[in-house]
There are 2 protein chains.
Amino acid sequence: MDIKLKQQASAITELTFDLLRCCEAKEKMFAKDHGLKVAEFRCLRIVEAGKSYSVQELATSMHLSPSRLTRIIDGLFAEKLVDRVQSIEDRRFAKISLTNKGQTLVGKLKEEYADLHGEMLKDISVEDRDKIYNGISLMQGLVSSWLVKNA
Amino acid sequence: MDIKLKQQASAITELTFDLLRCCEAKEKMFAKDHGLKVAEFRCLRIVEAGKSYSVQELATSMHLSPSRLTRIIDGLFAEKLVDRVQSIEDRRFAKISLTNKGQTLVGKLKEEYADLHGEMLKDISVEDRDKIYNGISLMQGLVSSWLVKNA
DNA sequence: CACTATTTTTGCCTTTAGCAAAGAAAATGT
DNA sequence: ACATTTTCTTTGCTAAAGGCAAAAATAGTG
């Protein structure tokens, strides 16, 4: 087997691992600062204003079980951040969408979370930022499709 | 403020978020396949054979609390993967190190985890792998030092 | 209409994690 | 020398995160 591949894989494994720990810590801090549980923040971050989602959709895109999602949505619903209505076409489905309050919060959240990253990125060159983008983009694609195959 | 920075920050925020979810799923699968709890896998992955660590060292490098680490180590100790001895120089300190069994397992773990990434990386070019490495390396550095400042 | 499949929820359990207090040992002041 | 403070780890308790299996509700099908 390719020796160069092995080296690169090893190095990338290590780095990704460290990045993961750091980003988890970062997410936890951010969520806490905004009075949210980490799971709630993660969930809110993927729902777009105006759209509606089934429990399953949210579960798969968050890589969590439907039952877990039910609980997360319970919390968001209790805080009046999302609405939960039965779909009329198929009443087995729930339609989860942001309330006005939810939309406002999510807007602020996305803005501030991007600002946080802007703060980190502001002292490096545009080219380096592109390198980060390209590298992570490639990696994300690989891991994502690996998951699809091996699930 | 720099409009280009804002765009790049936004894109990187999004990508990093997605990468994180995927990598967490990947870690969870891998740990499960090897009969380990995720926390145990994460801990084992950072201890090197021959070296010994204090609880605090492990806690800070895993971004966890000391008390959490005590529990994780309890588990590894129960499975005879690590030794825990009181330091002779300063008996407040614990010295955590891998047992022979632990070393064997960690060796296998690192090998197989790198192989898993090798599997993902095998179909792309050497140059793209370097792009991934460089991008993630840059990002890891930024997040890491951001955390130091904001903790 | 009985049966099967799908979607979500509920009950229950495990895992992950931190905080605050306790315990144990070292360092420090008087 | 001994009381006080500091440091490192552990323990008790609690919350948050997450999954599995069964139940509930609805849709589709023979």
Side-chain angles (χ1 to χ4, degrees), chain A residues 20-21 23-46 52-79 82-97 151, chain B residues 20-21 24-45 52-79 82-97 151:
Chain A
L20 211 59
R21 296 293 82 71
C23 286
E24 283 173 351
K26 183 193 68 187
E27 272 190 356
K28 184 169 290 189
M29 281 183 57
F30 186 82
K32 195 174 187 181
D33 286 351
H34 290 77
L36 291 167
K37 294 173 187 169
V38 175
E40 290 176 338
F41 166 60
R42 291 180 178 181
C43 184
L44 285 176
R45 208 176 163 310
I46 64 169
S52 79
Y53 303 80
S54 74
V55 171
Q56 249 181 0
E57 276 175 314
L58 294 176
T60 49
S61 73
M62 290 180 73
H63 300 278
L64 294 174
S65 68
S67 71
R68 178 67 188 119
L69 253 289
T70 295
R71 294 321 171 14
I72 295 171
I73 294 161
D74 282 348
L76 296 173
F77 185 76
E79 306 201 55
V82 301
D83 269 335
R84 170 158 50 182
V85 299
Q86 223 178 15
S87 164
I88 324 168
E89 308 94 61
D90 186 334
R91 298 198 310 200
R92 287 170 299 185
F93 282 84
K95 287 165 80 99
I96 318 291
S97 59
Chain B
L20 211 60
R21 295 295 82 71
E24 282 173 353
K26 184 193 67 187
E27 272 191 357
K28 185 170 290 188
M29 282 182 56
F30 186 83
K32 194 173 186 181
D33 286 350
H34 290 77
L36 291 167
K37 294 172 188 171
V38 176
E40 290 176 339
F41 166 59
R42 290 181 179 180
C43 184
L44 285 176
R45 207 173 164 314
S52 79
Y53 303 81
S54 72
V55 172
Q56 249 181 359
E57 277 176 312
L58 294 175
T60 50
S61 74
M62 290 180 72
H63 299 278
L64 293 174
S65 68
S67 70
R68 177 67 186 119
L69 252 289
T70 295
R71 298 300 165 38
I72 295 171
I73 294 161
D74 283 347
L76 296 172
F77 185 76
E79 305 200 55
V82 301
D83 268 335
R84 170 160 47 185
V85 300
Q86 223 177 14
S87 163
I88 323 167
E89 308 94 62
D90 185 334
R91 298 195 311 198
R92 290 170 297 184
F93 282 84
K95 286 165 80 99
I96 317 291
S97 59

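Every chain is numbered from 1, with letters handed out A, B, ... down the list of sequences.
Here the side chain of A:Val55 is nearest to one of C:dC19, C:dA17, C:dT9, namely C:dT9. The listed nucleotides are D:dT9, C:dA20, C:dT8; the one nearest the side chain of B:Ser67 is C:dA20. Nearest nucleotide to the A:Ala39 side chain, out of C:dT10, C:dT7, D:dG18: D:dG18. For B:Lys32, the listed nucleotide lying nearest its side chain is D:dC20; candidates were D:dT9, D:dA17, D:dC20. Checking C:dA27, D:dT26, C:dA17 against every side-chain atom of A:Arg92, the shortest atom distance belongs to D:dT26. Of the candidate nucleotides D:dT26, D:dA21, C:dT8, D:dT26 has the atom lying nearest to any side-chain atom of A:Asp90.
Interface remark: the A:Ser65 side chain does not form any donor-acceptor pair with the D:dC20 base, using a distance-only criterion of under 3.5 Å. One can find a donor-acceptor pair under 3.5 Å joining the base of C:dG11 and the side-chain atoms of A:Arg71.
Side-chain contact between A:Leu64 and A:Ile72 is present, with at least one heavy-atom pair separated by less than 4.5 Å.
Rounded to whole Å, the distance from CD on A:Glu27 to P on D:dA16 is 17 Å.
Contact annotation for B:Arg91: backbone-only contact, meaning every heavy-atom pair under 4.0 Å involves sugar-phosphate atoms and none involves a base. B:Lys28 comes within contact range of the sugar-phosphate backbone alone, with a heavy-atom separation under 4.0 Å but no base atom that close. Nucleic acid contact for A:Leu69: none, since no nucleic acid atom lies under 4.0 Å from a heavy atom of the residue.
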